Amino acid sequence: MTPIKLEDLCAEIKTKAGCQCEIYDGVLGDQTISITPDQLKPVIDVIFKTFDYYHLSAITVQQRKDQPDEIEVFYNFWSGSGFSLMLRLPVKSAKLPSIISIIPGADFYEREAAEMFGIEFTGRSETPPLLLPDEWDQGPPFIGEKEKNG
Amino acid sequence: MIRSLFNLLVFPGFMFLVLSGLIFEWLDRKFLARFQRRVGPPWYQPLADLIKLFSKEDLLPKNANDLLATLLPLISLSSVLTAGLYVPIAGYTPFSFEGDLIVIIFLMSVPTLAYYLAGIISLGIYSILGGGRSLLQFFAYEIPLLIALSGPAILGGSWSVSSIMESQGRLGPFIIFQPLGFILAIVGLIGKLKRDPFDIPKATSEVVGGSLTEFSGAKLGFWNLVMDIQAVVGIFLLIDLYFGWTKMGYPILSIVIFVIECLILILILSGTSAIFARLRIDQLAGLGWRILVPLALLQIGFVILMGV
Amino acid sequence: MDKISIPIGPQHPLLKEPLSMMVDISGEKVLGGSLRLGYVHRGIERLAQQRTYVQNIHLIERICGICSHVHTTTYCYAVEALLGIEIPPRAQYIRALMCELERIHSHLLWLGILAKHIGLDTIFMHTWHDREMVLDIMEEVSGGRVSHAANQIGGVRFDLDAEHDKMIRKILIKLHSQVEGLLDVIETEPAAMARTKGVAPISPDLIKAYGVVGPVARASGVDVDMRRDAPLPPYDQLEVKVITHKDGDAWARTFVRVEETRVSLNLCETIIREMPRGDVVVRTPRRIPAGEVIIRSEAPRGELFYYLRSDGSDKPARLKVRTPTLAALSLLPVQLSEINVADIPVVLAGVDLCIACADR
């Protein structure tokens with residue numbers, strides 16, 4: 001499979017999904033473009049349906065200590081070369097549309113993100129915990145205390 | 001009277017059969033280990049396992065019928081022991097009568113039915129699954145086995161094992177005339193003993209322990225004894241029906257030849273266990289009905305023609 | 001027959017590690033299943049934020065027992081990328097050698113498990129016996145059979161001398177002939193083929209939709225292998241033959257893994273032959289400059305994904321690990337529909353579960 005050029009991808013997304021995307025060059029090893037949460041589903045639709053083979057490697061979520069009010073979510077893809085989508089959400093009411101209707105394999109990754117960071121995925125019937133025990137009652141483990149109680 | 005008691009309890013009855021069962025288990029495990037590049041257990045291992053099982057706690061699920069769970073292995077044990085009384089050992093048989101082959105075959109099937117019932121009354125999911133599979137398997141191998149075993153009876157002109165043996169003294173060992181029947185009988189015996197490749201009811205990866213998953217302690221010890229004795233009775237039966245020229249002048253010679261034949265059969269059983277993978281139940285049923293039964297009928301047809 | 005649900009796990013003869021599955025069956029047909037992970041969840045990602053980069057090597061090695069080396073290798077490459085350094089070529093080759101040895105021993109282990117589940121105990125005994133030879137090499141070279149602690153940031157912890165070289169070559173030759181014999185059996189034995197051919201085929205579209213990686217994907221014809229596509233040094237100088245098969249059933253998965261063992265053996269021989277001389281480690285600072293990096297590598301079970309972010313201190317700000325088994329597990333409930341109960345072990349074995357990896 002041939003690696004995708006970022007410019008081609010941006011052009012495709014602009015034509016088919018009608019949204020502008022910015023290139024974020026903070027990550028070594030993967031090309032990243034930054035989008036807003038409401039652009040997520042159309043962009044993924046474009047990616048999954050237009051190009052040769054896309055494989056969702058992971059959904060990486062993190063909270064930066066210097067920006068504690070925000071969560072960063074990466075959707076990491078692989079198709080000949082690494083490529084990611086990045087978006088930022090507020091910590092307290094983090095909501096994202098679920099993409100399992102397009103990519104069923106994202107199920108486990110979304111469940112882990114939901115239980116570890118408290119992100120709510122809309123469009124899913126239920127989001128049961130994946131790794132944490134059923135009796136876990138201490139909230140998302142990765143969010144600092146201040147942000148949780150807020 | 002004393003003689004009958006001796007026959008019942010010592011030879012060829014209870015003690016002899018139990019001892020043979022343990023020796024068989026040891027030889028089987030040793031051969032299997034050697035095929036697999038392992039060392040294998042020492043000679044006292046099966047006895048040690050039996051003693052260990054009898055000393056363990058006896059647990060059953062709460063609502064399982066304890067009386068039946070105790071009776072089933074005991075009934076199976078008495079059936080195979082009784083069957084063993086009628087099978088000539090190196091030509092010696094104190095109790096034989098016309099038609100004892102049929103009685104032996106019937107008594108040998110009792111443990112299979114008991115195994116199925118044991119699974120049902122255990123009330124565990126794996127036990128029920130294992131029990132059901134054992135019954136399905138029973139139908140697949142029992143018919144070809146019965147048809148194959150009636151071959152020597154027809155050729156020998158009698159339904160008594162000792163008479164069949166004697167007629168082989170005149171005609172020659174029946175394996176020469178019925179090699180196909182012998183192979184089918186071995187296959188049937190493997191199915192009856194629930195050994196690889198027909199150990200579907202006990203397939204550990206699928207049904208954990210099969211019917212006996214919930215059994216422990218003395219009950220499980222009895223079940224293991226039943227399996228071992230079933231194996232030796234089956235082996236003795238096959239030797240008598242197919243290699244029955246052991247009634248020679250010198251008793252020592254007959255015993256030695258009998259032992260050698262036993263070893264060969266155990267080697268065949270262990271070898272097939274080592275070599276083949278486990279079949280699925282539908283593949284076994286297909287094998288049984290589509291291949292084994294027609295072959296068995298072919299063999300019988302041939303035998304009848306030969307008799308004529 | 002009625003539908004009953006049988007639990008497989010957390011303790012079950014089929015599973016090496018705890019995993020809870022409820023499988024719905026009716027008679028001998030499986031209707032579907034659901035699974036629950038988390039029995040071995042240790043919170044590695046969170047723990048990694050509380051330990052220094054050097055301490056994390058020790059932690060990450062213990063994510064999984066079978067693929068421990070490739071986890072630490074990926075992590076070390078990630079840290080070295082943030083530092084902007086390249087480790088000496090000899091260290092790269094030693095890392096690759098241990099990776100390939102690990103792949104061989106993982107596939108042999110898997111082959112034994114598959115054989116045991118279908119009743120071929122003999123193959124189980126033989127493959128695990130051969131696997132001991134690989135573990136002997138690892139023990140001689142690194143001091144541990146399963147946990148080698150081979151990597152450190154900036155290189156590897158030990159060097160190979162002429163004695164090691166000779167021993168490794170000798171064992172590789174012996175292993176080659178053993179593996180050839182095993183391959184013959186697996187690829188021609190009728191009962192094994194009857195149990196695996198045509199069982200649970202997966203189409204390439206399903207692979208793409210569920211993000212499945214590794215030998216399972218290659219067995220369905222998807223041509224992806226991180227050693228060739230995203231090569232970490234020295235794989236960019238080695239030629240890696242990627243094995244694919246088009247059927248996608250259990251037998252194809254067996255075939256792919258078995259052939260990969262052969263490829264790995266050849267790769268080991270090449271690595272030993274072409275190993276450059278030199279140092280095996282460079283000195284590195286304790287504090288890692290701020291930055292983010294993504295590294296992918298090929299674990300025995302598929303694509304291993306590491307995301308590492310540093311904020312300039314001596315502890316990582318975020319470490320994200322996505323192991324290949326996690327992707328394969330999402331496909332498992334789908335695979336479990338429309339097969340026989342007797343095929344459950346074959347399907348589970350085909351996925352090559354490493355729950356410790358998936359749970360982290």
Side-chain angles (χ1 to χ4, degrees), chain A residues 1-3 24-32 48 51-66 72 74 76-84 86 99-113 115-116 128-134 136 140-143, chain C residues 34-43 45-46 49 77-78 81-82 84 204 206-213 217 222-224 226 229-230 290-296 302-309 311 313 317-324 326-331 333-334 358-360:
Chain A
M1 64 196 75
T2 48
Y24 170 79
D25 57 2
V27 181
L28 295 167
D30 263 24
Q31 306 162 302
T32 318
F48 194 71
F51 292 95
D52 179 22
Y53 166 80
Y54 258 102
H55 144 80
L56 177 68
S57 285
I59 299 181
T60 308
V61 189
Q62 62 175 342
Q63 183 197 32
R64 289 185 191 258
K65 260 205 268 213
D66 48 347
E72 264 179 20
F74 288 88
N76 306 103
F77 290 92
W78 171 263
S79 166
S81 63
F83 157 83
S84 305
M86 181 180 90
I99 59 170
I100 59 174
S101 48
I102 314 171
I103 305 182
D107 179 31
F108 277 18
Y109 307 141
E110 285 182 356
R111 282 164 69 177
E112 195 181 338
E115 70 182 354
M116 294 287 170
L130 183 73
L131 296 176
L132 292 176
D134 290 328
W136 182 263
F142 275 87
I143 307 290
Chain C
S34 65
L35 47 92
R36 181 75 167 93
L37 297 175
Y39 287 89
V40 207
H41 177 65
R42 292 147 288 165
E45 295 179 4
R46 189 80 177 95
Q49 290 178 327
Y77 273 124
L82 282 178
L206 217 56
I207 300 270
K208 173 178 169 180
Y210 279 84
V212 179
V213 290
V222 175
D223 188 16
V224 62
M226 292 301 148
D229 300 334
E292 306 164 52
V293 66
I294 290 181
I295 299 274
R296 289 178 168 84
E303 171 204 6
L304 185 60
F305 172 93
Y306 265 66
Y307 168 86
L308 179 65
R309 184 168 70 84
D311 55 6
S313 68
R318 176 75 168 110
L319 173 71
K320 160 84 180 165
V321 179
R322 199 279 286 153
T323 50
L326 194 60
L329 278 175
S330 56
L331 189 56
V334 173
D359 277 356
R360 288 156 287 136

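Scope of the values below: all heavy atoms of this structure, side chains included, with no hydrogens, waters or symmetry mates. Model, not experiment: these values are computed from the prediction.
- In this structure the side chain of F74(A) never reaches within 4.5 angstrom of the side chain of K320(C), judged on heavy atoms.
- Note that the CG atom of D107(A) and the CG atom of L331(C) stand 12.0 Å from one another [nearest 0.5 Å].
- Within the 4.5 angstrom heavy-atom criterion, no atom of I100(A) approaches chain C.
- When each of L132(A), I59(A), N76(A) is scored by its heavy-atom pairs under 4.5 Å with chain C, the top score falls to N76(A).
- Within the 4.5 angstrom heavy-atom criterion, no atom of I295(C) approaches chain A.
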Problem set entry | Stepwise side chain to side chain contact (heavy atoms under 4.5 Å, CB included) test for E292(C) and Q62(A) | CA-CA 12 Å; E292(C) 306 164 52; Q62(A) 62 175 342; 4.1 Å; yes
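- In this structure, R36(C) CZ and L131(A) CG are separated by 8.0 Å, a value rounded to the nearest 0.5 Å.
- For a residue to count as touching a neighbouring chain, one of its non-hydrogen atoms must lie under 4.5 Å from one of that chain's; by this rule A317(C) does not touch chain A.
- If you measure heavy-atom distances from A358(C) to chain A, the contacts under 4.5 Å come from the backbone alone.
- P104(A) touches chain C through backbone and side chain together, each having a heavy atom under 4.5 Å away.
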For this session: Dump the intermediate steps for side chain to side chain contact (heavy atoms under 4.5 Å, CB included) on E45(C) and E112(A), then the final yes or no.
Result: CA-CA 12 Å; E45(C) 295 179 4; E112(A) 195 181 338; 4.3 Å; yes
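- Side chains of D229(C) and W78(A) form a contact here, defined as non-hydrogen atoms less than 4.5 Å apart.
- Of the atoms belonging to P129(A), heavy atoms from both backbone and side chain fall under 4.5 Å from chain C.
- Interatomic distance, CG of L37(C) versus CG of L130(A), reported as 5.0 Å (0.5 Å rounding).
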Exercise. Where do H55(A) and V224(C) land on the side chain to side chain contact (heavy atoms under 4.5 Å, CB included) test, with the steps shown first?
Worked result: CA-CA 10 Å; H55(A) 144 80; V224(C) 62; over 6 Å; no
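- For R296(C), the salt bridge (charged side-chain N to carboxylate O under 4.0 Å, His left out) partners are D30(A), E303(C), not counting sequence neighbours.
- Closest non-hydrogen pair, I294(C) versus S84(A), comes out as CD1-OG, 4.0 Å.
- F108(A) and S330(C) make their closest contact through CE2-N, 3.7 Å (heavy atoms, listed as atom of the first residue, atom of the second, distance).
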